Number of protein chains: 2
Amino acid sequence: MVNVAAQTVAPLGRKRRGEGHTRRDEILVAAKSLFLEEGYGATTIRKIADRVGVSAPALYLYFKDKDEIMLALCDQTFGRLIELFHSIECIECSPRDRLRQMGEAYVRFGLAHVGEYRLIFMEEQAPEPVRHTGHRGDISDPEKPGIKGAIAFAMLERQFIELEQGGAKLPHPPVTCAELSWMACHGLVSALINEPDFPWSDRQALIQGMVDLTVRGLAPT
Amino acid sequence: MVNVAAQTVAPLGRKRRGEGHTRRDEILVAAKSLFLEEGYGATTIRKIADRVGVSAPALYLYFKDKDEIMLALCDQTFGRLIELFHSIECIECSPRDRLRQMGEAYVRFGLAHVGEYRLIFMEEQAPEPVRHTGHRGDISDPEKPGIKGAIAFAMLERQFIELEQGGAKLPHPPVTCAELSWMACHGLVSALINEPDFPWSDRQALIQGMVDLTVRGLAPT
DNA sequence: TTGATCAGTTAACGACGGTAAGTTAACACT
DNA sequence: AGTGTTAACTTACCGTCGTTAACTGATCAA
């Protein structure tokens with residue numbers, strides 16, 4: 001005997017009318033877990049569909065193509081990074097300390113979400129969230145797909161702006177400082193991700209070293 | 001009338017006996033040009049074969065699989081980077097100046113060889129040259145496929161060692177300094193490659209800024 | 001009860017990396 | 001000159017990929 005309640009609760013079987021959006025979420029969960037297990041390239045539409053328990057074409061009822069699935073995952077991840085940055089922005093301390101905390105948070109975030117990080121920042125053919133806007137300042141609609149990356153970057157840049165307004169003498173314009181610090185931390189994260197078996201120096205030392213490098217070099221006292 | 005000489009000179013048509021290796025080179029040339037034009041993912045065995053003027057399976061006479069073609073291109077490219085580094089090592093100047101030149105050379109090299117750079121450093125599924133050795137020091141056979149990356153890294157590290165031997169006070173062990181400087185420059189290159197349409201600051205300023213950042217921060221006077 | 005429509009399905013397309021088996025051209029040797 | 005060997009290459013095919021077209025069945029308002 002099957003559980004009758006399964007028709008309304010379990011993710012198996014056909015959705016009731018008007019509940020298709022819950023299938024969409026199931027697809028995202030399945031796609032994300034496959035990423036973390038097998039990486040981007042090995043995650044196929046058919047595997048995602050299998051895990052959800054539907055046929056492959058069913059995914060196209062909820063997403064235009066494979067990239068749109070990825071883009072939705074990117075936005076989820078960026079959303080969490082934005083929350084993280086926001087919590088740091090709210091801390092009562094100097095912009096320099098906030099910068100330090102943001103740098104460390106960024107690196108640890110990347111290393112804690114390898115699948116998503118690779119998806120967003122390291123994949124040639126992946127949808128590239130920031131690029132979609134065409135110009136950096138277009139963050140008017142925070143829910144527009146692909147916009148959250150630009151928002152996170154702007155939060156980093158703001159720290160340099162505040163530093164400059166506080167009288168600090170930056171070696172470059174704030175936006176350039178933000179780019180350089182982001183790039184340096186990104187280099188650390190992507191290297192550790194791409195070559196996990198390489199005998200790197202102590203990971204903690206590398207993180208501290210990179211944050212020190214950028215803060216001392218870009219936000220001098 | 002066809003030119004009779006074409007039978008022995010032109011790359012078209014079947015190779016003479018014993019001249020198959022020239023076909024191998026033609027395949028590498030075609031594969032490389034397709035990379036630069038279309039990127040890694042879009043370069044297929046069939047496209048390479050078309051450009052060479054043979055059928056797709058013919059490539060498997062010279063390479064075990066697609067990855068082996070890529071690995072051969074990696075080594076070609078690393079070979080040129082090693083030459084570049086070697087020429088800098090021979091310059092009569094301070095280790096700090098050599099470090100600066102190596103950093104700038106590395107970035108410009110990456111930006112000038114986008115296809116190969118992505119292939120070597122930014123592809124999940126690509127053969128990863130450094131990883132093959134298992135440990136950093138195994139550079140005993142410079143012609144072993146996949147070893148050249150480790151050699152180039154060792155050349156960078158050597159500058160920090162010389163600096164320390166010259167009495168400089170490094171913020172980390174030389175190997176850690178080498179890793180951090182490489183990672184920072186890699187972050188710059190990979191960001192510019194992955195987001196070519198993003199409105200970055202002036203490229204020249206970013207390069208100089210990143211090299212300054214690493215040299216001042218990791219090789220202090 | 002009907003009919004519209006949502007939520008799926010099956011079947012198929014063209015392209016992919018790769019393999020098996022057959023064919024043709026070039027050379028060594030008698 | 002003729003012949004056998006084999007390097008060099010082709011055709012045909014396999015299973016899988018992302019994606020589309022066309023169809024089916026469940027659900028719910030009227």
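Quick note: numbers below take in every heavy atom, side chains included, and nothing from hydrogens, waters or symmetry partners. Here is how names work: the chains are called A, B, and so on, in the same order as the sequence lines, proteins then strands, and each is numbered from 1. Everything numeric here is computed off the predicted structure, so don't read it as measured data.
- Contact annotation: the side chain of M102(A) approaches that of E89(A) to within less than 4.5 Å [non-hydrogen atoms, C-beta and beyond].
- Between K15(B) and dA8(D), a side-chain N or O to OP1/OP2 separation shorter than 4.0 Å is absent.
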List every contact pair, protein side and nucleotides 10-13 of chain D side both N or O, where the distance is under 3.5 Å.
unit_1: dT10(D); atom_1: OP2; unit_2: S55(B); atom_2: N; d: 2.8
unit_1: dT10(D); atom_1: OP2; unit_2: S55(B); atom_2: OG; d: 2.7

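- Y60(A) has its OH atom 12 Å from the P atom of dC17(D), to the nearest Å.
- Atom-to-atom, NZ of K66(A) to P of dC16(C) comes out at 16 Å; the value is rounded to the nearest Å.
- At whole-Å resolution of the value, NE2 in H21(B) and P in dA7(D) are 14 Å apart.
- In this model, the phosphate group of dC28(D) is approached by a side-chain N or O of R16(A) to a distance below 4.0 Å at OP1 or OP2.
- The aromatic rings of Y106(B) and F85(B) sit tilted, their planes meeting at an angle between 30° and 60°.
- Rounded to a whole Å, the NZ atom of K64(A) is 9 Å from the P atom of dT20(D).
- One atom, CZ of F63(B), and another, P of dG18(C), lie 13 Å apart when rounded to the nearest Å.
- A sub-4.0 Å separation between OP1 or OP2 of dT24(D) and a side-chain N or O of R14(A) is absent.
- When side chains are defined from C-beta on, I69(B) counts as touching I45(B), because their heavy atoms get closer than 4.5 Å.
- We find that CD1 of I45(A) is positioned 20 Å from P of dC13(C), with the value rounded to whole Å.
- Salt bridge annotation for E37(A)-K47(A): absent, with no cationic side-chain nitrogen under 4.0 angstrom from a carboxylate oxygen.
- Looking at E83(A) and R80(A), no side-chain N of the basic residue comes within less than 4.0 Å of a carboxylate O on the acidic one, giving no salt bridge.
- In this structure, D65(A) atom CG and dG18(D) atom P are separated by 11 Å, rounded to whole Å.
- Looking only at distances, no side-chain donor or acceptor of H186(B) sits under 3.5 Å from a matching main-chain atom of W182(B).
- The minimum heavy-atom distance between F35(B) and M70(B), with the atom names listed, is CZ-SD, 3.0 Å.
- At whole-Å resolution of the value, CG in L59(A) and C1' in dA21(D) are 17 Å apart.
- The shortest distance between the side-chain N/O atoms of Y62(B) and the OP1/OP2 oxygens of dC9(D) is below 4.0 Å.
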